[in-house]
Amino acid sequence: MKKMISVIMMTVIVVAMLTACSTKALVDYNNAVVKTDSEKMGKESMEIKINVDYNTEGLSLEKVTQLNHYKEMMFNITNQYDMTQDKIATDIYMNFGGLGMDSYFYKDGDKQYIQIPVLKKYAKLDEKNFTANNYDKIFANVSDKWLELLGEENVLKGENTIIDTKDGQVKAKEVSIKISAEQLKELSEEIYKSLKEGKIIENFIFISDDRDNQDSIDKEDIIKKIDEMFEIVVFDNFEAKAYIDFDGYLIREKMTIEMSMADQEKGEPMSIQVSIDKTNWDIGKEQEINIPKLNEEDIIELDELKNIDNIIGL
């Protein structure tokens, strides 16, 4: 289980990196980013597909079957927001090896809740731990590093095209981005460093009190394993395309990243491929956000979640 969490956490870090890079730093479409981000209302969705190839040599059929649950992972996140009312409603769908799970996140002013899969109860998030300031600082650091690394040869402007969106077919300008493995490695190290300093990773790792359970999750152990994976990971390929509509909004981004790890022990990942498809629509349009009324019996304290199995439903 700990190896699985390490893979998932590292992939989340990569996704955070790609999202920050593609939406916050590129000078060529910075105006579109600023215009899109400045809107207070709208909808957005992100589909993340993760394919992991493990070293299964010498493993039992039972272990291989267990790993197959984490061979193909998919996250589909749909977000509706109205910051004039400080409201957000997010639908989160996760699929691990064919097993699907739904969750929801709601923000209503200073109240934030996330639904725990399987338990179908909501955990109230602590404002002190889940503050936007930490993320803003991280993205600022990433943007600075990205601009430092990026050269004119990394960005290619494509022709005008027509793409399918939630609003129907839209005319758009295409921008292609490709960076080297060395650039991506350097950038990933900056992001991982910022995430650790901001204690972002720790906020998403729950520590078990059950030390006799071999699957119990230890925060320091997980971070150590992620450290080890970043030491040996090789970024083989990164490609991205962004689409800007004729109103100047960033309406779609598609990204692919491929990475590999050599000389992995049995049961450990040898390669990971991540693809991301992010869209924005209804930008600047009035939103009707329905947030459910939660009673005491619907709420569970974070301290009650004793191990990661409670969270991901395994």
Check whether any side-chain heavy atom of L67 sits under 4.5 Å from a side-chain heavy atom of Y54, and report yes or no. yes

Please check: side-chain N/O of K285 versus main-chain N/O of M41, any donor-acceptor pairing under 3.5 Å? no

How far apart are the closest heavy atoms of H69 and T65, and which atoms are they? CD2-O, 3.4 Å

State, with a plain yes or no, whether a side-chain heavy atom of N55 is found less than 4.5 Å away from one of E268. no

Selection residues 48-60 - residue pairs positive for salt bridge (Lys or Arg N to Asp or Glu O under 4.0 Å), sequence neighbours left out: E47-K49, D53-K71

M255 versus V274: any side-chain heavy-atom pair under 4.5 Å? no

Hey, does the side chain of S103 reach the backbone of Q115 with a donor-acceptor pair shorter than 3.5 angstrom? yes

Other residues, nucleotides, ligands: >12 heavy atoms within 6.0 Å of E297 CD: yes

Tell me if a side-chain donor or acceptor on T56 pairs with a main-chain N or O of L59 at a distance below 3.5 Å. no

Quick one: pull up CD1 in I50 and OG in S275 and give me the separation to the nearest 0.5 Å. 8.5 Å

When clusters are formed by joining ILVMFWY residues with side-chain heavy atoms under 4.5 Å apart, either directly or through shared neighbours, do V64 and M270 land in the same one? no

My understanding is that only residues two or more places apart in sequence, or in another chain, count here; which of them pass side chain to side chain donor-acceptor pair (under 3.5 Å) with Y93? N95

What residues, two or more places apart in sequence or in another chain, satisfy side-chain contact (heavy atoms from CB on, under 4.5 Å) together with S260? V234, D236, S271

Kindly work out whether a path of hydrophobic side-chain contacts (I/L/V/M/F/W/Y, heavy atoms less than 4.5 Å apart) joins L294 to I291. yes

The criterion is side-chain contact (heavy atoms from CB on, under 4.5 Å); which residues satisfy it with N160, sequence neighbours excluded? K173, F246

If you compare all heavy atoms of K293 against all heavy atoms of D298, which two are closest, and at what distance to 0.1 Å? O-OD2, 4.3 Å

Residues forming a salt bridge (Lys or Arg N to Asp or Glu O under 4.0 Å) with E239, sequence neighbours excluded: K178

Who passes salt bridge (Lys or Arg N to Asp or Glu O under 4.0 Å) against D86, sequence neighbours left out? K107

As an exercise, state the distance from CG of N79 to OG of S45, rounded to the nearest 0.5 Å. 9.5 Å

Listed by chain and number, what are the side-chain contact (heavy atoms from CB on, under 4.5 Å) partners of D164, not counting sequence neighbours? Q169

Closest heavy-atom contact between K35 and G248? CD-O, 3.9 Å

Can you tell me how far apart CD1 (I162) and CD (E174) are? Round to the nearest 0.5 Å. 13.0 Å

State plainly whether one hydrophobic cluster holds both I77 and M83, where clusters connect Ile, Leu, Val, Met, Phe, Trp and Tyr through side-chain heavy atoms under 4.5 angstrom apart. yes

Given side chains that start at C-beta, do those of K43 and T279 come closer than 4.5 Å, heavy atoms only? no

Can you tell me how far OH of Y81 sits from OG1 of T90, rounded to the nearest 0.5 angstrom? 11.5 Å

Quick one: list whatever passes salt bridge (Lys or Arg N to Asp or Glu O under 4.0 Å) with E44, sequence neighbours left out. K278

I232 and M261: CA distance, side-chain angles, deciding distance, side chain to side chain contact (heavy atoms under 4.5 Å, CB included) verdict: CA-CA 6 Å; I232 62 173; M261 288 76 73; 3.8 Å; yes

Under 30°, 30 to 60°, or over 60°: which ring-plane class applies to Y113 and Y122, parallel, tilted or perpendicular? perpendicular

Please determine which of D245, D277, N280, T165 meets the side chain to side chain donor-acceptor pair (under 3.5 Å) test together with R252. D277

Verify, without hydrogens or angle tests, whether K166 (side chain) and D282 (backbone) share a donor-acceptor contact under 3.5 angstrom. no

To the nearest 0.5 angstrom, please state how far the CE atom of M94 sits from the CE atom of M73. 12.5 Å

Members besides V170 in its Ile/Leu/Val/Met/Phe/Trp/Tyr cluster (side-chain heavy atoms under 4.5 Å): I163, Y243, Y249, I251, I283

Listed by chain and number, what are the salt bridge (Lys or Arg N to Asp or Glu O under 4.0 Å) partners of D102, not counting sequence neighbours? none

Return the minimal non-hydrogen interatomic distance between W281 and T78, and the atom names on each side. CH2-CG2, 4.2 Å

For S60, the side-chain contact (heavy atoms from CB on, under 4.5 Å) test, sequence neighbours excluded, returns E62, K63

To the closest 0.5 Å, what do you measure between CD1 (I299) and NZ (K124)? 8.0 Å

Close side-chain approach of I48 to M46, heavy-atom, < 4.5 Å: yes

Centroid-centroid under 6.0 Å between F96 and F75 rings: yes

What residues, two or more places apart in sequence or in another chain, satisfy side chain to side chain donor-acceptor pair (under 3.5 Å) together with Q273? E258

